[in-house]
Structures are given as structure tokens and as C-alpha cells.
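Scroll down for the structure; my scribbles are underneath it.
Reckoned from all heavy atoms, side chains included, excluding hydrogens, waters and symmetry mates. Protein chains get the first letters and strands the later ones, always in sequence-line order, with residue 1 at the start of each.
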Amino acid sequence: MEMSPQYNPKETEQSTYDKWLSEGTFSAKVNKGKKPFTIVIPPPNVTGVLHMGHALNDTLQDVLIRYNRIKGRETLWMPGTDHAGIATQNVVEKALAKEGLKKEDIGRDKFVEKLWDWQKEYGSTILNQLKKLGASCDWSRTRFTMDDDYSDAVLDVFVKLYNKGLIYRGNYIINWCPRCKTALSDEESQHRQVDGNLWYIKYPIVTASGENKHIVVATTRPETMLGDTAIAVNPNDERYKWLKGAKITLPIIGRTLRLVEDDQIDPSFGTGLVKVTPAHDPVDFSIGKKFDLEFINIMNDDATMNDNAAEYKGMDRFKARDAIVKCLTEKDLIEKIEKYEVSAGRCYRCDTVIEPRLSLQWFVKMKPLAGPAIQAVVDDKIKFYPDRWKKVYLNWMENIQDWCISRQIWWGHRIPVYYCSKCYDSMSQSSIGIMVSKVRPEKCAACGATEIVQDPDVLDTWFSSWLWPFATFKWPFNKERLGSGYQQAESELKYFYPTDTLTTASEILFFWVARMIMAGYEFMGDIPFKDVVIHGTVRDSKGIKMSKSLGNTIDPLDVIDKFGADALRFSLMLLAASGSDVFLSDEKFLVGRNFCNKIWNAVRFVLSKIENSAVELTDIEPSAYDGTDAWILGKLNSAINDVDKFVQAYRMNDAAKTIYEFFWHDFCDWYLETIKNSFNQTKAKTALRVIVSTMKLAHPIIPFITDKILDIIGDTVVALKPYLSFTDGWPEEIELTDDILDERQSTESLFETIRAIRNIKIDLGLGNKKTGLKVCANNKKLWKKNETWLLALSGSTDIMFADELKRVLYKNELWSLDFSVGELETENFLASLDKKISNLMRVSGQLEKRLRNEGFIKNASKEIVAQEKEKSSQIKDELQRLKELSNAFK
RNA sequence: GGGCGGUUGGCGCAGUGGAAGCGCAUCUCGUUUACACCGAGAGGGUCACAGGUUCGAAUCCUGUACCGCCUACCA
């Protein structure tokens, strides 16, 4: 078969992937004879397009899946997408805006219909892109968090938790995004320090004794003063004892404010007096509750001021701030303005500054759910890689807050709560007239009225994705919907759950990972996965996080187009040291491309040798190894062993590196070079064996080229065909007999000598010049046997054996050497020797000193002392040899 | 404010107590018919700083500085 001089991934990737699909390589089924290995994909947003973060995360998963598949496990990689409430709604809203429409114009039902249309058309974009990457997901199982079966799980869970008393509704200060007009969880709001001001505002008072004065409060948000209902002071603050009984008046509005004492107040901040706005600040809210203050909401849901804001009504919050500051300045009520860095929360979707807002929301009580999830990690039932995340996880879980799960948007699972129009009173805390049910109740359970309204809110997206590891298996097995498939679904969950490994970025450790663990225990009574692998963040070459808005992204599809999917995958795995961030630039992908090309050419070379020689390959078992064969097979054994170990420890970079070094440097640079001049049947078999084994080792990381190579080998060496499959197991180490192990050792010495010869030639100014080699050796046979490749690799014309050498240029315990060249430029040679000598003297001195040190002899372990003695004597021998050499030329 | 990491050649990283390593970049040499997406070589680091433990520290302990990330209600 003709192979081009360069590997061209474009020619093969698509057809190879199609072959996998048609052969059903990725499909998983319950197979009691095999141990399952399961990964559920972190479902990308339906709106998503593949970025480097996905490429990294999903390659990692594919490596694990393919590795375990080769190892004979029944592997399932469950794919799917997440409906991503706000993100998706934003996309469709934008599309609508192009037609000059708002979602309110077409109404909820029509809008949701449009969302479904959108998801049907574009929802599988990212999944198709994953196929380009080579992802071996079982596509027949693709799930979506708003599938009927999945939605059933979400509602089921809501009802169960409600009935258990773990879901409640309450008034709360929540993070409100005035642009998305929805509540955001703490995790969805990102805090950022920005330059702001601290305004010191004077509030007029009349003291108990009738004196007209003013007090000063400091605030970063002057506009909220319109909603002030109190002034708070620390009870221990002596400076303000006189304030008791004073009448405090809120400027502009004229409202009388109460004075309350609370120890949350830090006397050292500002003036020690705080304006209290219970409806617009979380701390103030808690003070408001404690002292039963009035909650005055001054804003609309889009952060414009409302009826309670007097003349500022209708104004945007920031315009109102300016206006209020201007008005106060005119009235001489601003004492001073200080520069102050404030930490403002921002919407993680649109970056709008969040407004703390009082509203009625649904919550999940998290403390009861957290218990088992903490214990599982403490007991190492679930392990983190790298394990430092364990501490981070535990720290968060131990301080967990209740989870606000309602969202004021239209795209998502609608909250299964119904209100009776007759007997439900939204103002009362009573649950009369509230019905929680997966299906709409026909009439009110309390009064029997039939006018029933469903809660308009939908559930937080994470409230569906936290069920991902089991809801994707069609839990809770709705018999009506599943029909006869019911039992199969149940047995699949039983077989594949708990899943094995979850890989993710650290950003969603709390959003998602922690909650999946809680859901796993609450609904399955078991962990959702055993290992959590947390990889780093993808950054550009300057270390800045890649993001679309910064325009510093590298599109994985471009990389695939330019270098191939394998190049992308290999480079990513090589760079992604476990848990540390990945710095990327276009050049970084050259490593992967070059490596694939190296593989391609090594194979091309070996196959051409086989085709051009009379070698007939009848079986794959090599019989008559020589030293170089034994040497490379020994290296292969270690590579197999190491790759195995590294993949299991999730150290993909070490696995990739091992394969790279072994194949490139050991196999190509040494073994293939030696067989160029001594090709025979054993060599052909050995080379093929190494290639086939390496293809299997590398297949999880670079599936396309390795698959192609096995195809090509099968076509060229037809007898090998039955051995060339990725399903017949992981390569086995080859047992080597003792005498072969000895030959392996002498091969290593010969290689060492060749390196020395090359160095000496350069030092002697001989460069690449071919010279004769004079050898004085005990073991002439060894040199004779390997003569052809020794000549080629050392750049020699011939080898002459002598019993004694007048001049010695290289010497070790086995042989000494000289070149058949008359006069030599020995200056550089001597300098190089001297450098080696002085270096060894230094080390030798250190060792001597150590061995003379009584403390060392007394305290260090016997093995260490013996080891150091051995080292010392070796170095002395070496030193002796070098000194002799050097003296001979002086 | 609290927590967790990091600091090793120009850059990116390995290295869990016994002679400082790897990849990229740099430099020199090479038209050796698998590969220039190649081969053979070379240079380059007092392992952030200060103490301590130890016969011995890049490695363990304490502190300092700087850099990240997460978390938090100083208005």
C-alpha cells in the first residue's frame, strides 16, 4: 500500500469515525459478564459551540472511555445537552428582537414554542462538533434535560422534596438581574471589585432635648436611602449613646426613622452609623426582620425607581443615584465623598450589576442533604483528583446555604406548584390553597374550587442537571411512558450506576458536582460517581482565561482543520498536567501534529522494508531476538506498564509523554536506525510488534491515526490481520529470558559508546567525517555481530580490532577506542575532558565528604550508605579513566 | 476578611530527603533514499526570600514577599 510522505488527517478522520458508528463500537448494553465503566458527559449548553474547555474536558473523558474499552470493560459514555435556561432564552430573545418583537408581545406559549423550534434546529450543533473530536459517546442514548422522561424526574424530585419539608417558599433578599429580570443564585453572580465612592450623608435630627443637629451615615448606594426605615448602631458604641430618643428624619422623603442597636454593625467603619434599607440589602434585611421594620421596595423589576421613590419615579437606579447626590449637595447634606472600592455582584450571563431585591422565591433546605454528601467525601467513597479539591469541597459543604431554585424566566421546567384562586392568600404564610403535584390538580384540595393557577416561575437549570447521573437512565421509570421498556431502563441504571469518573472544570464544583453528590444520596441512596477529576482552566499564552468576549480564543475546530483531531487531542493531553491550567497558542499543537507524522513515517518505513525484502511473515511471535530487539522490547514493556499506571491515576500528560518518548526516541531514533542495515524477519516482527502495541497504548489519546495504521498494516501484512483490533485487549508485556537480558545490557553500552563517539568527533573537529574505528575489546563477537549498524550510527568506515591501543580516545570497563586518523586537533577534546573531570571531582568531593561524615554513617540508612559508597567508587573509576585519557594527550 | 494553591534555565512544566530534569525557544553541524512536521550536538538554573529541623533540603517546618483561584453581608 502506498503511503504519502506526510500524514493527512483530513483524508481519514471522517471515514474512520463513520466506520466506528456503523460498527456500533460506541454502543453499550447491560453485559453481566463484563464490569461496566460509565461516564456521564457534563452536558454542554444547547446554545453552546465547542470551545477549548470542552475539547480538553471531553478528550479526557474519551481517553478514559477508550482505555477502558480496550481493557475489556463494558463502557458507556452518556451524551446529552442542558437546556440552560437563561442562556437559551437570551439567544431566542435576541433573534426575536431582530424582528422587532419582545417575548411579551407573542406571549409565553408562543415563546416557549419558539424555544423548542430553536433547540430542534440548533440543539445538536455541539454534539456534532464532539464527533469531529472523535468522542466515542453512545449517541443512541443522547439526552436533553427537557426530554419528557427527564422532566418527569425533575418534577418528581420537586414533589418528593416538598413533601419531605425540604422545599419552602420565603421572602428573601435575592440577587436580581434587572436585565434578565430573574433571580440569580450566589453562584451565578460574580463579584468584582470596582472603583466607587463612599458618600457621607447628613440626616437631620432633633435630639431628645429638642436640639436641631444632624448625624452622618456612609453609603455606597445613596439611591437606596429612599427605602430607609431605620438607622442602626452598635450597642457598644459609646459615641452615640446621646442619640437615644432623637427624632431622625430621612432627607428628601421626610420619613421618620427608627434607631436600632445591632451588633452586626462595625463601629470602625464609616461613622459607625448605618442607614437601614431592609428591602434592598441583605444585612439590612436581616436587621429589618429582627426589629420588625417596614420593608419599602423602591424599585421596579428593571431597576427603575417605583412609586415609593417620590420625584425619582421612573428613573434608572444609577441616574437616580446621580440625581439624589446632586439634590443632597444642593441642600448641603453631603459631608464628604471618599473614593472607595466596592465589590459589586454581576450577572454571570450579561454582566449587569445585580440589585439585591426582596422577593418571594422557592428554596431547598440544603443542610439535611449535605450530611451524607460530606461523609462520602470524608470517607473517600468519592475521591477528588487532585485531592486538594477535597478540602475546598468540604469547606463549602460545611457552610452550605439554602438554594434558591425559582427563576423568573419562561424556558425551563415549570414549578409544579398550583394556587387556588379562591382560598390562597399570597400575603399570608399559610399553605392553604397551595398544591404541589406533578400534574395539574382538577380542584382545590382545600375548598374544592376549580380555578387554579400554576406558579409562573421555572426551576433553576441546575435543579435538573443535579439529577444527570441517574435521570439520564430514565429514572424514575414512568411505566406509562416507558411501557415495556420499563424493565430494561431499570436494569440499565442498576448496571451502570454509580458511574465511575466525572471530569469537570473547577468552576462548577459547587453548582453541579456537589449537588449531584447530594442528589445521588437523596434519590439513589448511593454516590453518583467514584472519582471526580478536576482539570485546569484553558488560558491563552499570556495566561488570560480564554473567552469569547476577550477574543483570545482558539477554536478547536480550526485546530482540527489545520492539524487533525489527533494532533489537538495529543497536544491537549500532553499539556494538561493534572489539575494545572493549560496555556495555549497555535504553535502548541505542532507537537501533536509532528508526533502523528512521526508515527506515520515510522510505519511507512517499516512496511516499505517488508515489501522490499523477501521477508515472509507467517506469525507475529518473534523467535530469535538479538540485543537490540531485546532492548526495544524491554523499553516497550516499561512503556506499557507506565501508561497503564498513569492513565489509571488520571495523569494523562505523563501517559502521553511516555508514549511520545518511547516511540520517538527509543523506537525511531535507536531501534529503527539499527535495523536500517540489519533487516531480517525477526526485526520485521519485532518492529511490527512494537508498532501494534504502541498503537494500542496510544489509541485512547489519538484514536484516528492509530486505527488507520492498524488498517494499513493489516492490508500490507495480511497474515497479521486477525491480531489488529482495539478490542482484543491491552498489549501484554513480553517475557524476556535471562541471556537476552544480558544482551540488552550490552546493547545499552554500545549505544552509550556511540553517543560518546559522536561527542568526541565533534570535539576533535571531525564533525560528521567518516573515520575508521580501532577497537580494543574483550568481547569482539559483540562488535562483529552488530558491526553494520555500529558503523552507520558512529559514522565509521570500518572496525579494526587490536589487542592494544597506542592512543585511547574513549575507554570504559569493557573496551577502549581510537580513530584511524593521524594528527588530531585535541584542544577542544581536552577542554571537554577537563570539564567532565572537574565536574566529577566536585561530585566526588561531595561524596567523599559525606562518607567521611560520622553523622552520615551513623544516621543514614544502611541502603543509602551502601548506595553512596557504590556511587563514589563508580565515580572514582570514571574519573580515573578520564584522567588517564587526558594525561595521554598532555 | 477567610480558605486553597503557586513561585525550579527566555517560556510552559516534572521532580515527596540522598550527583538539578523534560518539552518549546536559542545556537552549531548535517542534501545518511521513513519523516526538515527530520537527524546529531551545545549553551543556559546559588530551585522567590529569611530563619529552622536534619549527617544531608528544590523536597519537611515557621515566617516574609509577590502571583493566581475560590469564598464572604464592612454599609
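The CD-P distance, from A/Glu848 to B/G56, rounds to 19 Å in whole Å. Atom CG in A/Asn395 sits roughly 14 Å away from atom C1' in B/C69 (whole-Å rounding). What separates NZ of A/Lys869 from C1' of B/A19 is a distance of 18 Å, to the nearest Å. If you take CG of A/Asn653 and P of B/G15, they are 9 Å apart, rounded to a whole angstrom. Remark: C1' of B/A40 and NE2 of A/His665 are 13 Å apart, rounded to the nearest angstrom. Protein atom CG of A/Leu764 is 18 Å distant from nucleotide atom P of B/C29, rounded to whole Å. We find that CZ of A/Phe646 is positioned 15 Å from C1' of B/C13, with the value rounded to whole Å. Put simply, CD1 on A/Ile534 is 16 Å from P on B/C69, counting in whole angstrom units.
Phosphate proximity of B/G5 to A/Lys391: present, with a side-chain N or O under 4.0 Å from OP1 or OP2. When the side-chain nitrogen and oxygen atoms of A/Asn839 are compared with OP1 and OP2 of B/A19, none of them lie within a distance under 4.0 Å. Look at A/Asn594 and you won't find any side-chain N or O under 4.0 angstrom from OP1 or OP2 of B/C24.
In summary, the aromatic rings of A/Phe511 and A/Trp403 are positioned with their centroids too far apart to meet the 6.0 Å limit. Centroid-to-centroid, the aromatic rings of A/Phe295 and A/Phe285 come within less than 6.0 Å.
Taking atom P in both B/G10 and B/C29, one finds a spacing of 25 Å when rounded to whole Å. B/G2 and B/C60 are spaced 26 Å apart, taking the C1' atom of each and rounding to whole Å. Straight-line distance between the P atoms of B/C69 and B/G44: roughly 36 Å, to the nearest whole Å. Remark: the separation of the P atoms in B/U28 and B/C35 is 25 Å, to the nearest Å. Comparing B/C49 with B/A57, their C1' atoms are spaced 16 Å from each other, to the whole Å. Rounded to a whole angstrom, the distance from the P atom of B/A75 to that of B/C4 is 24 Å. Atom P of B/U59 sits at a distance of 13 Å from the matching atom of B/A20, rounded to the whole Å. For the C1' atom pair drawn from B/G68 and B/U62, the interatomic distance equals 23 Å after rounding to whole Å.
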Strictly under 3.5 Å: I want the nitrogen or oxygen pairs between protein and nucleotides 6-11 of chain B, one per line.
none

Pull out every protein N or O sitting under 3.5 Å from an N or O of nucleotides 31-35 of chain B, one pair per line with the distance.
residue : atom : partner  : partner atom : Å
B/A34   : O3'  : A/Arg604 : NH2          : 3.2
B/A34   : O2'  : A/Asn601 : OD1          : 2.4
B/A34   : O2'  : A/Arg604 : NE           : 3.3
B/A34   : O2'  : A/Arg604 : NH2          : 2.8
B/A34   : N7   : A/Lys676 : NZ           : 3.3
B/A34   : N6   : A/Glu673 : OE2          : 3.2
B/A34   : N3   : A/Asn601 : O            : 3.2
B/A34   : N3   : A/Ala602 : N            : 3.4
B/C35   : O4'  : A/Asn601 : OD1          : 2.9
B/C35   : O4'  : A/Asn601 : ND2          : 3.4
B/C35   : O2'  : A/Asn597 : ND2          : 3.0
B/C35   : O2   : A/Lys598 : NZ           : 2.9
B/C35   : N3   : A/Lys598 : NZ           : 2.9

Check: protein-nucleotides 16-18 of chain B nitrogen or oxygen pairs below 3.5 Å:
residue : atom : partner  : partner atom : Å
B/G18   : O2'  : A/Glu868 : OE1          : 3.3
B/G18   : O2'  : A/Glu868 : OE2          : 2.7
B/G18   : O2'  : A/Lys871 : NZ           : 3.4

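Residue pairs that meet the salt bridge (charged side-chain N to carboxylate O under 4.0 Å, His left out) test with at least one member in residues 655-675 of chain A, sequence neighbours left out, are A/Glu673-A/Lys676.
A donor atom on one side chain and an acceptor atom on the other are not found under 3.5 Å apart for A/Thr658 and A/Asp642.
Within 4.0 Å (heavy atoms only), A/Leu509 reaches no atom of the nucleic acid at all. Within 4.0 Å (heavy atoms only), A/Lys835 reaches sugar-phosphate atoms of the nucleic acid but no base atom. Across all strands shown, A/Arg221 has no heavy atoms under 4.0 Å from either base or sugar-phosphate atoms. No engagement by A/Asp654 is indicated, since no non-hydrogen atom pair under 4.0 Å with the nucleic acid exists.
For A/Arg604 and A/Glu2, the salt-bridge test fails: no basic side-chain N is under 4.0 Å from an acidic carboxylate O. Between A/Glu338 and A/Lys336 there is a salt bridge, since a side-chain N of the basic residue sits under 4.0 Å from a carboxylate O of the acidic one. The pair A/Arg221-A/Asp281 meets the salt-bridge criterion, with a side-chain N (NZ, NE, NH1 or NH2) lying under 4.0 Å from an Asp/Glu carboxylate O. The residues A/Lys10 and A/Asp561 are annotated as salt-bridged, a charged nitrogen and a carboxylate oxygen being separated by less than 4.0 angstrom.
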For RNA chain B, what string of dots and brackets results from 5' to 3' when Watson-Crick and G-U pairs need both distances under 3.5 Å, crossing pairs get [ ], and pairs with another strand get |? ((((((((.[[[[.)..(..]]]].(((((.......))))).....[[[[[..)....]]]]])))))))....

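Closest to the side chain of A/Glu661, out of B/G41, B/C22, B/G5, is B/C22. Checking B/C4, B/A75, B/C70 against every side-chain atom of A/Arg388, the shortest atom distance belongs to B/C4. Residue A/Pro282 has its side chain nearest to B/C73 when only B/C22, B/C73, B/C37 are considered.
Ring-plane geometry between A/Trp396 and A/Phe510 is classed as parallel, the angle between the planes falling under 30 degrees on a 0 to 90 degree scale with a further cut at 60. Between A/Trp664 and A/Tyr660, the two ring planes are tilted [angle within 30° to 60°].
Between the side chain of A/Trp600 and the main chain of A/Ser4, a donor-acceptor pair closer than 3.5 Å is present.
In terms of the side chain to side chain contact (heavy atoms under 4.5 Å, CB included) criterion, residue partners of A/Thr220 (sequence neighbours excluded) are, by chain and number, A/Leu198, A/Tyr340, A/Val342.
Counting non-hydrogen atoms of other residues, nucleotides and ligands closer than 6.0 Å to CD of A/Glu398 gives a total above 12. Residue A/Tyr172 places its OH atom among 12 or fewer non-hydrogen atoms of other residues, nucleotides or ligands, all under 6.0 Å distant. Within 6.0 Å of CD in A/Glu827 there are 12 or fewer heavy atoms belonging to other residues, nucleotides or ligands.
Nucleotides of RNA chain B nearest to A/Glu854 and A/Ser844 differ in position, and the one nearer the 5' end is that of A/Ser844.
Put simply, the residue from A/Thr229, A/Asp284, A/Thr224 that forms a side-chain hydrogen bond (donor to acceptor under 3.5 Å, both in side chains) with A/Lys275 is A/Thr224.
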